[in-house]
Amino acid sequence: MTIPPTYHFRDLGNQAQMLSRNCENERLAMALQYVALGSMIVMTGYAASQILRDAFGNRGHGRSRER
């Protein structure tokens, strides 16, 4: 049984942009540009959520609760 390749979401935008530049089909190139743009937007949101979680996260996380 072969294992399918693993792709990282952060690489999807750059790969889609590269493929759209080399694509002969105009409709496919446009779809790949939308994939690239969408993945970059999602990764920006994910990075922002990580930054906000680190900055304003639950400071008591990992500590035992006092009753």
Side-chain angles (χ1 to χ4, degrees):
M1 182 174 165
T2 60
I3 299 173
T6 303
Y7 297 104
H8 297 285
F9 191 73
R10 66 177 176 264
D11 299 332
L12 183 60
N14 296 333
Q15 290 174 357
Q17 260 187 335
M18 183 182 64
L19 286 172
S20 71
R21 288 186 192 128
N22 298 331
C23 183
E24 305 266 338
N25 186 345
E26 187 175 327
R27 287 185 183 182
L28 182 59
M30 182 76 105
L32 289 169
Q33 283 292 332
Y34 283 130
V35 167
L37 180 62
S39 66
M40 289 177 191
I41 289 171
V42 169
M43 287 308 298
T44 302
Y46 179 74
S49 71
Q50 291 296 318
I51 290 170
L52 291 173
R53 185 177 297 140
D54 290 344
F56 302 110
N58 187 2
R59 299 192 192 279
H61 184 70
R63 298 181 188 167
S64 62
R65 293 185 180 174
E66 295 181 19
R67 293 184 188 198

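Every heavy atom of this structure was used, including side-chain atoms; hydrogens, water molecules and symmetry mates were not. The structure presented is a predicted model; accordingly, all values stated were derived computationally and were not measured. Just so you know, residue 1 is the first one in the sequence shown, and it goes up from there.
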CE/M18 to CD/Q15 distance, rounded to the nearest 0.5 angstrom?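 Atom-to-atom, M18:CE and Q15:CD are 6.5 Å apart.
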What's the separation between atom CG in N25 and atom OG in S20, rounded to the nearest 0.5 Å? 12.0 Å
Quick one: do L28 and L19 end up in the same hydrophobic cluster if we chain Ile, Leu, Val, Met, Phe, Trp and Tyr together by side-chain heavy atoms under 4.5 Å apart?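 Yes.
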Taking the side chain as every heavy atom from C-beta outward, state whether Q17 and L37 have any atom pair closer than 4.5 Å. no
Minimum heavy-atom distance between V35 and A16, given as atom pair plus value: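 Nearest heavy atoms, V35 then A16: CG1-CB, 4.1 Å.
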